[in-house]
Amino acid sequence: MAGHSKFKNIMHRKGAQDKKRSAMFSKLSREITVAAKMGAPDPDMNPRLRLAVNNAKAQSMPKDNIQRAIDKASANEGDDYEEIRYEGYGPGGVALIVEALTDNRNRTATNVRTAFSKNGGNLGTAGAVAHGFERLGLIEYPASAGDEEKVLEAAIEAGADDVESSEDGHTIWTQMEALHEVAGALEKVLGEAENVKLAWKPNITVEVDEDSAGTLFKLVDALDDDDDVQTVWGNYEVSDEIMEKIGA
């Protein structure tokens, strides 16, 4: 179990995806539909769907929207999406993993490649950077969920592997297979989490300077703005001073 969380900064700046709520809801709906198609349309019977529904609720997505996305899968409507992962390098040698759900592989590949090349990055081949990350379960709670000691105790009891606490909140790590079980146990003690998902956690982080940080965040934003892109993960770390300077 370990100390302070730098992961908020690594994953994406807080609120970066709140800029465009409708785009975010559309991505969440897509994940719910795909999850419901791949398993049972009942969140209690389908861990991936439960995860998607919980994340949608955490972003204040209306219940009607959630139900509509599930119904679409049950009626076998909507496009067939496939999951694709892209890997590449951003400015300053930062490694990036881009997760997408797409109904048109060529369109998505072109858009992702363009975003990388226009913003100082290079798209690599599959497996180019993933070896530098671990695939883990991630559970996030706001600081209001409790102090460091309370959250640490709850996490140990629930079977989590690691906890990082800061004034921004708490980041709890689990093994990939244990995510749903640990999240369920924590919910009984700490209430509903802000975020429950599978994550790519970097083994080593790269400190990014001011020049590279500005371009890097333009690249992450360009990727985030693409409808097919679900999540962007990176191994970058940017100091608070630089974050303030570039207004991120």
Side-chain angles (χ1 to χ4, degrees), residues 2-21 23-24 27 59 83-102 107-136 138 140 162 164-171 173 194-195 197-248:
H4 296 286
S5 173
K6 291 174 178 166
F7 191 73
K8 295 271 186 205
N9 163 326
I10 292 164
M11 192 169 79
H12 51 224
R13 289 136 304 146
K14 206 66 182 144
Q17 291 179 327
D18 291 347
K19 291 181 299 185
K20 299 175 180 170
R21 282 194 96 60
M24 183 172 61
K27 292 183 187 201
Q59 298 297 339
E83 295 176 89
I84 303 180
R85 189 174 87 220
Y86 300 95
E87 301 178 34
Y89 290 95
V94 163
L96 294 173
I97 293 178
V98 181
E99 293 179 309
L101 280 175
T102 181
R107 177 193 66 220
T108 311
T110 301
N111 291 351
V112 169
R113 191 175 288 109
T114 302
F116 269 90
S117 61
K118 280 189 172 177
N119 296 285
N122 290 298
L123 190 59
T125 53
V129 304
H131 56 83
F133 292 76
E134 273 184 280
R135 189 69 162 149
L136 295 172
L138 165 70
E140 290 184 302
D162 198 8
E164 298 166 359
S165 293
S166 72
E167 58 189 26
D168 295 328
H170 310 279
T171 302
W173 295 101
E194 213 172 31
N195 227 328
K197 60 168 70 176
L198 287 172
W200 290 96
K201 185 186 186 190
N203 296 323
I204 297 169
T205 57
V206 175
E207 186 77 45
V208 180
D209 63 27
E210 192 178 335
D211 289 344
S212 297
T215 319
L216 173 64
F217 286 146
K218 278 183 189 160
L219 169 55
V220 173
D221 283 344
L223 290 165
D224 261 339
D225 286 346
D226 190 285
D227 287 343
D228 298 334
V229 171
Q230 293 294 101
T231 326
V232 181
W233 305 93
N235 67 346
Y236 56 88
E237 206 176 304
V238 182
S239 71
D240 290 344
E241 292 76 24
I242 291 176
M243 295 284 267
E244 271 177 42
K245 270 188 191 173
I246 62 176

Engineer: May I have the list of side-chain donor-acceptor pairs in residues 88-100 shorter than 3.5 Å, sequence neighbours left out?
Structural biologist:
unit_1 : atom_1 : unit_2 : atom_2 : d
E99    : OE1    : W233   : NE1    : 2.9
E99    : OE2    : R135   : NH1    : 3.4
E99    : OE2    : R135   : NH2    : 3.1
E99    : OE2    : W200   : NE1    : 3.1

Engineer: For the NZ atom of K197 and the CD atom of E140, what is their distance to the nearest 0.5 Å?
Structural biologist: 7.5 Å

Engineer: Write out all pairs satisfying salt bridge (charged side-chain N to carboxylate O under 4.0 Å, His left out) with one or both partners inside residues 116-130, taking only residues at least two apart or from two chains.
Structural biologist: none

Engineer: Looking only at non-hydrogen atoms, find the nearest pair between E237 and T205 and report the distance.
Structural biologist: OE1-OG1, 2.9 Å

Engineer: Using every non-hydrogen atom in the two residues, find where T125 and E87 come nearest and quote the distance to one decimal.
Structural biologist: O-CB, 4.0 Å

Engineer: Once side chain to side chain donor-acceptor pair (under 3.5 Å) is applied, do any residues pair with D209, and if so which ones, sequence neighbours excluded?
Structural biologist: S212

Engineer: Work out which heavy atom in A199 is nearest to a heavy atom in W173; give both atom names and the distance.
Structural biologist: CB-CZ3, 3.9 Å

Engineer: State whether the side chain of E134 and the backbone N or O of N203 hold a donor-acceptor pair below 3.5 Å, judged by distance alone.
Structural biologist: no

Engineer: If every non-hydrogen atom of S239 is compared with every non-hydrogen atom of E207, which pair is closest and at what distance?
Structural biologist: N-OE2, 3.7 Å

Engineer: When rounded to the nearest 0.5 angstrom, what distance separates CG in D211 from CG in L216?
Structural biologist: 12.5 Å

Engineer: How many angstroms lie between CD in Q59 and CD in E194, if you round to the nearest 0.5 Å?
Structural biologist: 8.0 Å

Engineer: Would you call K201 and L138 a side-chain contact if the rule is heavy atoms closer than 4.5 Å?
Structural biologist: no

Engineer: Which heavy atom of Y86 sits nearest to which heavy atom of A109, and what is that distance?
Structural biologist: OH-N, 3.4 Å

Engineer: Working to the nearest 0.5 Å, report the span between CD of Q230 and CG of L223.
Structural biologist: 13.0 Å

Engineer: Could you list the residues that satisfy side chain to side chain donor-acceptor pair (under 3.5 Å) with N119, not counting sequence neighbours?
Structural biologist: none

Engineer: Please give me the minimum heavy-atom distance between L219 and A115, naming the atom from each residue.
Structural biologist: CD1-O, 3.3 Å

Engineer: For D226, check side-chain contact (heavy atoms from CB on, under 4.5 Å) against everything at least two apart and list the hits.
Structural biologist: N111, D228, V229

Engineer: Between F217 and V238, is a side-chain contact (heavy atoms from CB on, under 4.5 Å) present by the stated rule, with each step listed?
Structural biologist: CA-CA 10 Å; F217 286 146; V238 182; 3.9 Å; yes

Engineer: Holding to side chain to side chain donor-acceptor pair (under 3.5 Å), I want the full list of residues that pass it with T215, two or more places apart in sequence or in another chain.
Structural biologist: none

